[in-house]
Each structure stands twice: as C-alpha cells, then as structure tokens.
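First comes the structure, then the notes that go with it.
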There are 2 protein chains.
Amino acid sequence: MRRTGDLKLIQELNRFIILDTIRQFGPISRSDIAKKQGISPTTVTSAVNELIRDGMVAEDGTGESKGGRKPIMVRFCPDGKFLIGVSITNTAITIAEMNLEAATKQKKIYPVKAGLVSDLIIQYVLDSIEDFLQSVDDVSRCLGISIIAPGIVDAASGVIRFNSKLRLHDVPLIDMAEKRFGLKTWLDNDANAIALAEKNFGGGLNANNLLFVTVGEGVGSGLVVNGSIFRGSRGGAGEFGHTTVDRSGMRCDCGNVGCLENYVAWPAIYSGILSAVTRGKETLVMDLADGDMTKITFDVFRQALHQGDQVCQDIVDEIASYMSIGIVNLVNLFNPSLIILGGEMIRDNQVLFERIQKQVMAQAMGTMVEGLEFRPTVLGADFEVKAAAAVLLQDVFHFSL
Amino acid sequence: MRRTGDLKLIQELNRFIILDTIRQFGPISRSDIAKKQGISPTTVTSAVNELIRDGMVAEDGTGESKGGRKPIMVRFCPDGKFLIGVSITNTAITIAEMNLEAATKQKKIYPVKAGLVSDLIIQYVLDSIEDFLQSVDDVSRCLGISIIAPGIVDAASGVIRFNSKLRLHDVPLIDMAEKRFGLKTWLDNDANAIALAEKNFGGGLNANNLLFVTVGEGVGSGLVVNGSIFRGSRGGAGEFGHTTVDRSGMRCDCGNVGCLENYVAWPAIYSGILSAVTRGKETLVMDLADGDMTKITFDVFRQALHQGDQVCQDIVDEIASYMSIGIVNLVNLFNPSLIILGGEMIRDNQVLFERIQKQVMAQAMGTMVEGLEFRPTVLGADFEVKAAAAVLLQDVFHFSL
DNA sequence: ATCACTTTATAAAGTCATTGGAAAAATAAA
DNA sequence: TTTATTTTTCCAATGACTTTATAAAGTGAT
C-alpha cells in the first residue's frame, strides 16, 4: 500500500530538508535555513530543537551579526548516530561501524576460508555481524545494517538472487538479519553501491548520472541514474562485461558472442601471456613465475607490468582498446556526466586511464562528450564499507520529491 | 528551491491517490477507496466531492449491498479535462485534443514543406498550435500543451538542444509556447515519449523497466527506467543506433567504429540492394523502380519485401542479426522486463520480429531473460500524439513517493 | 413484521504541523 | 541613550487529517 499524505509525512520531509541544509551549508543559523528553504522560522526552530535532541545537530557558538542579534550557529553532528556496513566478497567479510558521513569508527575483517559457500557462508556472515555488534555500544543510536554483495541482488526484496562463486541462490538475507539482530537492514549489489558512494562521498557530488567501471580480474559496472542506483527489473542491470564488442568474436559462456569480458578479464590476459611466450617473446612474467606456467597469477602480471614489461604493456593496450569500445556504448546509451574508473588494473596505471579516456572522448558521439568527465576512484581503502553506508544513508536521508 | 512539506502537499498527494484508485478500480464506492488506501472515509468523501466539482469523477448509480446501506459508486470521467498533444517530425506537425485517457477528440495534421527549417519551422509549429486552439472550446479545462520532437531534447529546461535535419539548436520551445498561449507546456524527445506511452497506454502496465526499439529508415530507442523516462544527463540518452556491434566494422560519421546504424538503416539497405544487383542477382526492387537506381526508395524496398523478394529477405535476415546483438547489449545493461519493437521495418513483418526475439532470448544472459517479454507496438495510428499525452499525464498525475 | 446488526456516507469534534504575527533577546548604528 | 534591525521563540490561527457520533439504508434472524 502506497504511502498517503498526513502530518507525519510533511514533518519528516521538512526535518530532512532542514538536516540536509545544515549538513551542506552548516554552520548556519536557524534564520538562514528558513530563508534558504522557504520554511517559516518557527518550523525551523522546532525542527532544529528536535534534531538537537536526537544528537544529529548541535549549537556551535554565535556568528557575525548583520545588524542585529547575533545568530546562533548550528552544525551537523555526524557522530550523533551510526550504522554498520558489511561487505561480502569471495575472500573476506568486512564489517565497520561508521558515522553519518561514512567515516569509519572501527572495522574488522573476517577472512573467508576457501570452500566456505552456500548456507555456510551466510551463517558465517551473520555470526561475524553478531561478533562485531559486541564491540558496539548504545545500539539505540544505530540506524541499521547495510550489506553489499557481488552477484545478482534484489535490493527491494532483500534477496541475493544469484552468486556463482559463493553458490548462493535466493537467500533472503535481509529477513534473516532483521530477525536475528532486530536492526533494520539493507542489501544491495557491490558495484552499484560503490557507484553511489562515489557520487555521494567521492567526486560525483553534482553528477546525477554517473557510471562506475571497474577493471581487475574481471570487469564490472555500477550505474547511478537520476541520482539513485539503477538496478533493472530484477536487480540484474549493469552486466557490462557481457556486452558484445565484436560480432565475429569468440563465443562466451553466457551464450553470447564477443563479450567484453572475454577480452579484458584475467583468462584473456593469461592466454595473451602464453601466446606471447609461445611465440618466443621475452617477458618478465616468466622470470617472476620461476618459469612455471602455473605460477602465473594476476599479481605476477601486475608486477611485471609495473616493471615495464613490454608483453604486459601490449596486453594492456589491447585491454584499453576493448574497454573503450564498451564504455563508448555505455556513454551513447546512458549519457552520463561522470565516469569513474576503478579496479586493480587501473589503480597506479595512469597510462591505461588516459588511453581509455582519450579513446572514449574521441569515439563517443559529440553531444554525449560535452561536459563528460573521467575520474579515478577516490574512496580509498574503506571503499567497500563506505559503499554499504551510501546505500543506507541514501535511503534514510534522501527524501526529496 | 526544493518543495517543502505543507498542508497543500498532503492534500495534493491524497487527491492524486484517490483519483488514481478510481481510475484503476472504478466504479468503486467511497468506502472501498478508504479501505484500499488506508485513508479515512471522511477524507475520501471530501476529496471525491472536489473531484466531482472538477469534472474528473462522477457518481454512477448504486452498487450491491454487502449487508448494509448500498454503496454509491463513483467512476473516472476521462473527458473532465483535456490536453493538447503536438508531434513535430520532418514531414508534418500533428496536433490533437485528447482526454485524460489519451483518446483523441480531434486531430489535425499540418504538413511540413521540404526546406522548412530552423526558425521557420518553429514559427510554423507555434502558428499551427494557434490555429488548432481556435477549434477548442473551454480552454479553462485544458491541462496544457505537450510537444514531442526528434533529436536531443532537454526536457527539464524545455529546450530542443539539437536536431540536424530540422536545423534546430538550443530552441527554448517551452518558454515560447507558454508566453504565447498562456498554457503550461511540456517538451520531450519522441522515442522516449513513445516508450512511456507504451508503458502507460500500451502493453507495459506493470513494466517499470521497459525498452522501446524502432527500426525503420533508421533505428531509435526509448527507455523507461523505474517508471519514468530516462533522459541521461543532458537529454541525450538512448542513442542506440550508435552502439558498436563490430569492433572491426566500418567507420561511422559519429566518429565511432562499427555502429549498429550503419548495418540496419536505409543507406545500408540501399547498398545491400546495389551490391546484390551488381552481383547479378534478380530482384523485384529493380522492376518496381523501373530499372532506375535513383528510384529505389525505402517504400519500394518494403513492397518488394512484402512480395517475397529473396534479396530483400536476405537483407532483413542480416538486419535481424545485427539488431539482436544491439538489443542483447541493452538487455544485459538495463535488465528490462519488456521490450517493445516498432517502426516501419517491423510492422507487418512477423518473421523479423520473431527472429530478433529468438536470437535475443538465446544470447542474452540467463538471469536477464527470465520473465523478459517481447511485444509489438499497440498504440495504433495516433501513437505520436498519444506519446505526447503520456508525458503530460505522467507529470501531472504520477505523484507517487 | 419487528428488532438487531451492518454497511455507507457525512457531520462534528479533536489532533497536530504548519504559518503569521507579536514579543523577547541581543546587537549595531545614530 | 535611543532607535532600528536581526534572530529566536511563543502563541493563536489555519487547515487537512483522524476519530467519534449520527443518519440513512440495507440484511437477516426471530
């Protein structure tokens, strides 16, 4: 049943607008808030008092007088409430306590042993959260738990629909967590959440249409559309790795032909190295792997690349070319105003970054590249839990009409 | 300045919810509306009375008693208000008066002479609207004017950013129309508007993520995302024709390589015919064009295709293959629940429709095709003005939180 | 046929978040 | 010191909603 209009609704809306104004423009006086948002001073006063009681806002001395009584400034208190961010990956469960600005207060990493899949991994996630909650005091100030996970995730119903590596299928994670901990819980896909975090805490503050692309062992993408995460009809949107870039290319596991992933992900890199070696090329990779083919890993490749190995650089050139085609398609379809590139392949690799940027700017349609910006990720080490926080904060506080 | 919460807001919201309930479930009693939406009976009574005064709702006899007083049924009156829909194309300005269900009351077509471009075409549009308004009585019941146009359109600011054929560049059409006619005016891109109309008046009632693809002389697409039109950051989203499907393909005017449009639009078809003829193939096209190459038009091609010409059918097969690749990309990126195919090429061409459908279902990712539907357009002859109406009605009445 | 009970619609009274006006507090300028 | 101005807060009024009460119009059992 859809939400109907009542007094509670307008109060919530105005409280949010006022809090958001303080967060963005604070320290600010009550009077200025009223003027800025067209809300009566009386309403602002009562709202601010309530926000102070809640601990989300505090008075902060007096400001400069403009010819009369000095204004009492109020400022945002990001530590007034907190939230628990949880990131599930194939190798670790990362859990953090964060404040309203997604600043980490404490963080624990629970390693995932190989082979821990299906029901067991879910149990492990829940047990880890329980353990983490022991070290949290004053649960009453906790807004809730926000979980992000790779794979196909139905955020609306709170179900992990599908994750092949962790062997998850239709796991009602929100229900399980809410029942066990009594805290409101959110769930979303990791790449989408990162895209939202880049928008809200990263460089994309004014970008309502933002594209996040990650290149590492695989490729992934997250999409922010009209200011919120775009999930598609069943949470499966953004399978950027499986867009066709070469009609006459190789067949992919997914049933399609010439998928991007086949040209830029680790298996493609690996076979590129092998083929170079077979052709008798010299490469640092073989030295680093002690001449043992089976010891060639993504990390070895990265090392060799960093040391200027020509074979690896050629492979990266090839990747740049394919990535650009894929991103051009995205630009022509979505017309984003900002593209953020991340992932192990791009980190510390200015050349790849610039090559992709240049090629996309040249090949995408003229009207699409006007004002189009490229940026590297800026979230830093805590990006996973920050992403989880972004999902929760967006839902709780972004209450605009 | 963002809208703040006041009493007017909750009233508007509730009026909308009640009107929408009557429209969807009517005839319905006041009491049932209250139960269905969780609004108090008193509020429903007063809202319904106001809607009756406005002419948008009417009482409609009594219903069956369920053990007490007989309910007075109320129903939606789509003719209570009307709107003006305007469609601008390269060949004609179509204007219609429509009711709240986008049913056409009267319609006029103002032909566009060749060479009428730039300022002149805009003047012609405005003059045509003025002429049309003469035949409309009771302007006070008019919700406004909704205009759709091809090209890059910035719906938010009401500006036609760019249209190459009509030579339009940054035309502030909404401002011009509102000043001249004193009626609130809307403006949007044609393909996007059609996509929305297909959702609201066509087969896509429950599809919140819907994709509309048209294949004719060119290709176009419109996108409905989370229930509303997706426009991108500057109104340029959905340039489906310029997505790369062949990395090693031919260079396109747009600066990119292997764009879909180069393989499926009229110039590609034309050169396909020529190449077949050069290779000495028999084709009806030459007969229909009296052996004159320059007389080969899209219509001639369509006729030959309809008469079963093999050369034309081969070309259509090729088109199906390319279109499918492009649509698979869209499906993997957007995860829509419904794809609607339209345009001259697909109309009356069940074979093409089915071939595309089959290929997309086979090649898109498994999780994306679960529950994915294909449908032909259902809007009929008035689809252009219906599309314009959809834009206005969505904005005026879709007021959900 | 009568009486008890339902259902529907509306009227009257009560609730509550907003607003506008006035008062209080605090300060600058004359 | 006096006056004007700005900021904050108190208070009554507004208005859209809800609850409660009432009237109208029915059903169904006795």
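Below, read A as the first sequence line, B as the second, and so on, with proteins coming before strands; counting in each chain starts at 1.
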**Asked** So does D188(B) pair up with R231(B), basic N to acidic O under 4.0 Å?
**Response** yes

**Message:** Measure CG/D32(B) against P/dT7(C) and give the value in whole Å, please.
**Reply:** 11 Å

**Message:** Counting the atoms with a prime plus P, OP1 and OP2 as sugar-phosphate, which does S40(B) contact under 4.0 Å by heavy atoms, base, sugar-phosphate, or nothing?
**Reply:** base

**Message:** Rounded to whole Å, how long is the line connecting atom CD of E59(A) with atom C1' of dT8(D)?
**Reply:** 10 Å

Quick test: give all pairs of protein nitrogen or oxygen and nucleotides 12-16 of chain D nitrogen or oxygen below 3.5 Å, distance rounded to 0.1 Å.
none

**Request:** May I have the distance from R3(B) (atom CZ) to dT18(C) (atom C1'), rounded to whole angstrom?
**Result:** 14 Å

**Request:** Report the residues that fulfil side chain to side chain contact (heavy atoms under 4.5 Å, CB included) with D6(B), sequence neighbours left out, ordered by chain and then residue number.
**Result:** R3(B), K8(B), L9(B)

**Salt bridge flag under 4.0 Å for residues D32(A) and K66(A)** = yes

**Asked** CD of E64(B) versus C1' of dT7(C): gap in Å, rounded?
**Response** 13 Å

**Message:** Within the 4.0 Å heavy-atom criterion, would you say P41(B) contacts the bases, only the backbone, or no part of the nucleic acid?
**Reply:** base

**Message:** It should be established whether K35(B) places a side-chain nitrogen or oxygen under 4.0 Å from OP1 or OP2 of nucleotide dT8(C).
**Reply:** yes

**Request:** Return the set of residues passing side-chain hydrogen bond (donor to acceptor under 3.5 Å, both in side chains) with S29(A) (not counting sequence neighbours), or none when no residue passes.
**Result:** none

**Message:** So, does T45(B) get its side chain near the phosphate of dT10(C), meaning an N or O under 4.0 Å from OP1 or OP2?
**Reply:** yes

**Request:** Without swapping roles, check the side chain of T104(B) against the backbone of Q106(B) for a donor-acceptor pair under 3.5 Å.
**Result:** no

**Asked** Roughly, in whole Å, what's the span from CZ in R30(A) to P in dT8(D)?
**Response** 6 Å

**Fill in**
Whole-Å distance, I52(A) CD1 to dT8(D) C1', equals 12 Å

**Item:** d(CG, L9(B); P, dC17(D)) in whole Å
**Value:** 11 Å

**Prompt:** Residues in salt bridge (charged side-chain N to carboxylate O under 4.0 Å, His left out) with R69(A), at least two apart?
**Reply:** none

**Prompt:** What is the distance, rounded to the nearest whole Å, between atom CD1 of I72(B) and atom P of dA23(D)?
**Reply:** 18 Å

**Item:** Stacked cation flag K105(B) on F82(B), 6.0 angstrom / 45 deg
**Value:** no

**Asked** Can you name the salt bridge (charged side-chain N to carboxylate O under 4.0 Å, His left out) partners of D175(B), sequence neighbours left out?
**Response** none

Short heteroatom pairs, N/O only, protein and nucleotides 24-30 of chain C, under 3.5 Å:
residue : atom : partner : partner atom : Å
dA26(C) : N3   : R69(A)  : N            : 3.2

**Prompt:** Is it true that a side-chain atom of S233(B) and a backbone atom of N335(A) form a donor plus acceptor pair closer than 3.5 Å?
**Reply:** yes

